[in-house]
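Notes for the one structure printed next.
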Amino acid sequence: MAGRRAAEASASGPARRKVPPEQRQFNLILALMATEQGLTKHDILSTVSGYAERFDDASDRANLERQFERDKEDVRELGVPLETVDQLGAEGDTRLQRYRIPKSLYRLPDDIEFSAEEVALLSLAAQVWREGSLTEQSRRALTKLKSFGHAVEQSVIGFAPSIRTREAAHDPLAGAIDRRRQVTFPYLKAGQPEPERRRVSPLALVNHEGRWHLHAHDEVADAPRTFLLSRIVGGVRVEEDAARAPRPDEAARAQRELKELFERTTATVIARPGSEADVVLRNRAGTVIEGETLIVRTTDLAVLADELAAFGADVRVEGPESVREAVLTRWRQVVESHG
Amino acid sequence: MAERRPPITSSDKLALLLGLVPYLIDEVRVSVTEAAAQFEVSPEQMRSLVGYLTGTGEPGPDGLYLPQGLFDIDWDDFEQRDVIRFRQAPLDEKPRLSSREASALLAGLQALSALPGFSERADLERLTEKLARGASGEVAPMAVQFRTADALRETVAAAVAGNERLRLDYVTTRGDRAEREVDPIRLESVDDVWYLRGWCLSRDAERTFRLDRMASAVAIGPAETHEPSTADAGELFRSDSDDLLVTVELPAASLPLIADYLGPEDALEYRADRAIARIPLAHLGLVGRLATRLAGVGAITEPPDARAAAAQWARDALAAADGQNPGER
């Protein structure tokens with residue numbers, strides 16, 4: 001019975017109907033995994049279900065080819081190792097290039113198994129993300145891990161850490177790091193009136209003390225730089241130019257640098273005893289209490305000045321002078337713009 | 001968290017197919033309802049996914065889809081008993097994670113490892129190593145550094161775990177300082193700011209307390225158990241109807257500066273390259289704080305008493321700095 005049905009399906013090729021994108025892409029994956037030496041674009045468009053139905057319509061060919069280009073991107077985005085192999089002696093000729101997906105690179109190594117407990121822990125890890133691309137990425141990862149047959153649940157436990165990724169820059173930067181491309185963006189340095197366009201090789205995204213930072217190599221200054229994502233005040237443009245490769249321990253290294261910077265960058269303040277400022281600054285991570293004097297830490301004095309200025313008359317900055325002046329400037333600006 | 005389901009994209013549907021196929025083959029024989037529950041789709045959707053699979057497979061050497069290259073199921077099981085059993089499958093491998101997928105889970109694990117009871121777990125390290133090896137490429141560099149637990153958070157976490165009532169010395173943004181007795185529900189964090197959600201005995205209502213506004217916290221005995229009203233930490237920040245609405249204007253490019261003031265439902269409009277936003281504030285005492293955030297780029301424009309309050313707040317701050325620093329001009 002089954003054989004009969006299968007034969008029916010193949011007699012006319014898979015049914016001639018509008019194929020949803022994920023089915024067309026899945027058909028593509030199956031076809032490219034079945035081939036050793038690879039298929040050319042012509043092979044794929046003329047035979048793989050989802051393309052083949054439209055292949056005879058010459059007026060549609062350019063659309064079909066663009067469709068194929070987008071599908072390749074989407075499939076790779078999901079971690080499927082879709083390879084392009086140049087024809088010897090015809091490097092770069094897209095008509096002769098062959099595409100394939102090596103099974104050994106596609107499948108999870110045999111010795112990797114995830115237990116029910118591990119999948120539960122990973123579901124909790126996925127719940128850390130509040131929105132945006134990290135939620136999407138972890139949701140897809142969990143969907144793949146469902147193949148192990150363990151329940152993936154939204155669990156409620158007594159502790160629930162969450163991290164937001166509200167900055168629009170997060171997604172394009174993560175994509176550019178993954179695809180190893182340079183980016184440009186307008187960056188508003190604290191205390192400056194106008195943003196400045198920066199061009200960098202993005203290397204790692206680090207969340208430190210609740211703030212997202214981009215660790216990068218500034219291609220104009222030719223030096224490493226760290227940027228606050230909240231100060232990227234416009235679209236991130238992903239450029240064609242290849243970026244420097246991140247070192248294997250790039251994120252850990254950037255994290256360590258931020259931590260060291262945090263340890264050695266301090267300001268001295270006095271808060272009105274018993275005020276909200278007093279309680280909050282004493283509880284602030286890394287604060288050293290010396291009687292009524294508080295030594296507070298930061299990775300960025302301009303950011304700290306913003307934080308301190310928000311307490312108004314309840315804080316007095318003793319030093320350094322740059323922070324004291326920055327706080328006074330903010331208050332003067334408020335008087336000017338609201339007087 | 002469970003309440004907000006983001007839209008399902010075609011990439012999600014492809015990931016589902018990649019995960020579903022090896023699952024169905026590993027299970028050998030599985031009911032449609034069970035498979036549907038595992039992948040969070042309806043039984044009808046599961047049946048149609050299986051239907052699609054039986055019509056696809058790998059093309060043969062001459063580019064034709066031949067029966068031996070197609071997925072094939074036991075049709076009697078499927079049609080009469082609503083059970084899925086594959087007889088033939090051109091693909092049965094579990095897919096790797098993409099570098100970004102692995103990276104998102106790894107960074108999530110890092111955040112978890114800052115939690116009480118998690119940091120000592122040896123399986124975290126093993127899991128980290130497994131994720132890295134299970135990714136299709138080098139894992140995209142991303143890291144999360146949560147502040148290490150201090151004595152206050154340890155106390156609150158222990159009270160949550162042991163269901164103990166806490167006595168807090170708590171200061172609000174209004175500057176009120178009072179003792180509160182709280183039965184803990186959950187310890188939550190948003191971007192490294194920690195909150196205790198609990199039942200406040202003096203208000204007889206669920207309330208959220210920022211840990212950094214607690215001058216002290218002491219466990220004082222067993223607590224009564226209260227269920228959280230919502231699992232969604234985002235709910236903590238919903239504005240009240242009696243909030244003060246202030247209008248601010250700033251260059252559109254500078255909007256990220258006030259991102260944490262802007263809720264998804266807050267009115268936001270654009271005039272040329274300027275943005276005008278209406279922001280709810282819990283009380284007039286907070287206008288100075290908002291105005292400082294806008295310093296140098298924008299200002300509060302409405303209502304007039306909010307403008308006046310912001311200006312006065314800043315004058316008071318300057319006067320205090322002046323009074324205590326005779327050297328200041």
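Heavy-atom basis, side chains included; hydrogens, waters and symmetry copies ignored. Below, chain A is the first sequence line, B the second, and so on; all start at residue 1.
The choice from Ala306(B), Ser99(B), Ala143(B), Ala295(B) that makes the most heavy-atom pairs within less than 4.5 Å of chain A is Ala143(B). Ranked by heavy-atom pairs under 4.5 Å with chain B, the first of Ala252(A), Ala169(A), Gly175(A) is Gly175(A). Counting heavy-atom pairs under 4.5 Å between each of Leu127(B), Asp316(B), Val160(B) and chain A puts Leu127(B) at the top. For the set Arg133(B), Arg100(B), Arg307(B), Glu27(B), the entry with the most heavy-atom pairs within less than 4.5 Å of chain A is Arg100(B). Your options are Glu336(A), Glu250(A), Arg247(A), Gln255(A), and the one with the most heavy-atom pairs under 4.5 Å with chain B is Gln255(A). Counting heavy-atom pairs closer than 4.5 Å to chain B, the top residue among Val75(A), Leu122(A), Ile29(A) is Leu122(A). Interface remark: of the candidates Leu32(A), Asp278(A), Leu39(A), Leu105(A), Leu105(A) forms the most heavy-atom pairs closer than 4.5 Å to chain B. Among the candidates Ser136(B), Gly288(B), Pro95(B), Pro22(B), the residue making the largest number of heavy-atom pairs closer than 4.5 Å to chain A is Pro95(B). Contact count against chain B (heavy-atom pairs under 4.5 Å) is highest for Ala310(A) among Ala310(A), Ala204(A), Ser46(A), Ala34(A). In terms of heavy-atom pairs under 4.5 angstrom with chain A, the leader among Leu105(B), Leu255(B), Leu16(B) is Leu105(B). Put simply, of Asp249(A), Leu142(A), Val48(A), Asp314(A), the one with the most heavy-atom pairs under 4.5 Å next to chain B is Val48(A). Residue with the most contacts toward chain A among Ala157(B), Pro184(B), Ala161(B), Gly69(B): Ala157(B) (heavy-atom pairs, distance under 4.5 Å).
Nearest heavy atom pair, residue Ser275(A) against residue Val171(B), reads C-CG2, 4.4 Å. Ala309(A) and Thr292(B) make their closest contact through CB-CG2, 3.4 Å (heavy atoms, listed as atom of the first residue, atom of the second, distance). Nearest approach of Phe311(A) to Arg289(B), heavy atoms of both residues: CD2-NH2, 3.8 Å. Of all heavy-atom pairs spanning Val335(A) and Ala314(B), the tightest one is CG2-CB, 3.6 Å. Ala125(A) approaches Leu109(B) most closely through the heavy-atom pair CB-N, 3.6 Å. Taking each heavy atom of Arg186(B) and Ala160(A) in turn, the nearest pair found is NH1-CB, 3.3 Å.
For chain B, the nearby part of Leu145(A) is the side chain; its heavy atoms alone come within less than 4.5 Å. Looking at Ala37(B), neither its backbone nor its side chain comes within 4.5 Å of chain A, counting heavy atoms on both sides. Within the 4.5 angstrom heavy-atom criterion, only side-chain atoms of Leu188(A), from C-beta onward, approach chain B. Using a 4.5 Å cut-off between heavy atoms, Gln68(B) does not touch chain A at all. No part of His215(A) comes within reach of chain B, as not one of its non-hydrogen atoms sits under 4.5 angstrom from that chain. Pro21(A) touches chain B through its side chain: at least one heavy atom from C-beta onward sits under 4.5 Å away, while N, CA, C and O do not. There is no contact between Asp43(A) and chain B, counting heavy-atom distances below 4.5 Å.
Two residues are said to be in side-chain contact when any heavy atoms from C-beta on lie closer than 4.5 Å; Lys13(B) and Pro20(A) fail this criterion. By the 4.5 Å heavy-atom criterion applied to side chains, Leu30(A) and Tyr65(B) are not counted as neighbours. Counting only heavy atoms from C-beta outward, the side chains of Thr143(A) and Asp12(B) never approach each other to under 4.5 Å. Between Leu18(B) and Val80(A), the closest side-chain pair of non-hydrogen atoms falls below 4.5 Å. By the 4.5 Å heavy-atom criterion applied to side chains, Ser147(A) and Leu20(B) are not counted as neighbours. The closest side-chain heavy-atom distance from Thr56(B) to Ser49(A) is not below 4.5 Å. For the pair Ser98(B)/Gln137(A), a side-chain contact is recorded, criterion being any heavy-atom separation below 4.5 Å from C-beta on. The side-chain heavy atoms of Arg332(A) and Leu318(B), taken from C-beta on, include a pair separated by under 4.5 Å.
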field: Chi angles and distances behind the side chain to side chain contact (heavy atoms under 4.5 Å, CB included) call for Glu276(A), Thr173(B)
entry: CA-CA 7 Å; Glu276(A) 183 206 1; Thr173(B) 55; 3.8 Å; yes

- request: Please assess Leu14(B) against Arg24(A) for the test side chain to side chain contact (heavy atoms under 4.5 Å, CB included), listing each intermediate value before the final yes or no.
  value: CA-CA 9 Å; Leu14(B) 180 58; Arg24(A) 182 181 62 239; over 6 Å; no

- request: Evaluate the side chain to side chain contact (heavy atoms under 4.5 Å, CB included) criterion for residues Arg96(B) and Tyr106(A): first the C-alpha distance (whole Å), next the side-chain angles of each, then the deciding distance (0.1 Å), finally the verdict.
  value: CA-CA 6 Å; Arg96(B) 284 175 187 257; Tyr106(A) 171 85; over 6 Å; no

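A distance-only check finds no donor-acceptor pair linking the side chain of Glu22(A) to the backbone of Leu17(B) [under 3.5 Å]. The closest donor-acceptor contact from the side chain of Asp191(B) to the backbone of Arg164(A) lies under 3.5 Å. Between the side chain of Arg107(A) and the backbone N or O of Lys94(B) there is no donor-acceptor pair closer than 3.5 Å. Under the 3.5 Å distance criterion, the side-chain polar atoms of His338(A) are left unmatched by any main-chain donor or acceptor of Ala291(B). Of the possible polar contacts, none joining the Trp313(B) side chain to the Gly312(A) backbone as a donor-acceptor pair under 3.5 Å is found.
Using a 4.0 Å cut-off between charged side-chain N and carboxylate O, Asp306(A) and Arg293(B) make no salt bridge. Salt bridge status for Arg211(A) with Asp192(B): absent, with no side-chain N to carboxylate O gap under 4.0 Å. Ionic pairing of Lys130(B) and Glu113(A) is not present here: no N-O contact between side-chain nitrogen and carboxylate oxygen is shorter than 4.0 angstrom.
When Leu134(A), Ile177(A), Asn207(A) are each tested for a side chain to side chain contact (heavy atoms under 4.5 Å, CB included) with Met142(B), only one passes: Leu134(A).
How far CG of Asp150(B) is from CZ of Arg284(A): 13.0 Å, rounded to the nearest 0.5 Å. To the nearest 0.5 Å, the span separating CG on Leu294(B) from CZ on Arg330(A) amounts to 12.0 Å. Distance check: Leu91(B) CG to Met33(A) CE gives 4.0 Å after rounding to the nearest 0.5 Å. Atom OG of Ser162(A) and atom CD of Glu188(B) lie 7.5 Å apart (nearest 0.5 Å). The distance from the CG atom of Leu131(B) to the CD atom of Glu118(A) is 8.5 Å, given to the nearest 0.5 Å. To the nearest 0.5 angstrom, Ile300(B) atom CD1 is 8.5 Å from Ser337(A) atom OG.
Counting heavy-atom neighbours within 6.0 Å of Glu138(B) CD, excluding the residue itself, gives a total of 12 or less.
Aromatic ring pairs are classed by plane angle as parallel below 30°, tilted from 30° to 60° and perpendicular above 60°; the pair Phe26(A) and Phe71(B) is parallel.
In this structure, Lys146(A) fails the cation-pi test against Tyr23(B), since its NZ or CZ atom is not both closer than 6.0 Å to the six-membered ring centre and inside 45 degrees of the ring normal.
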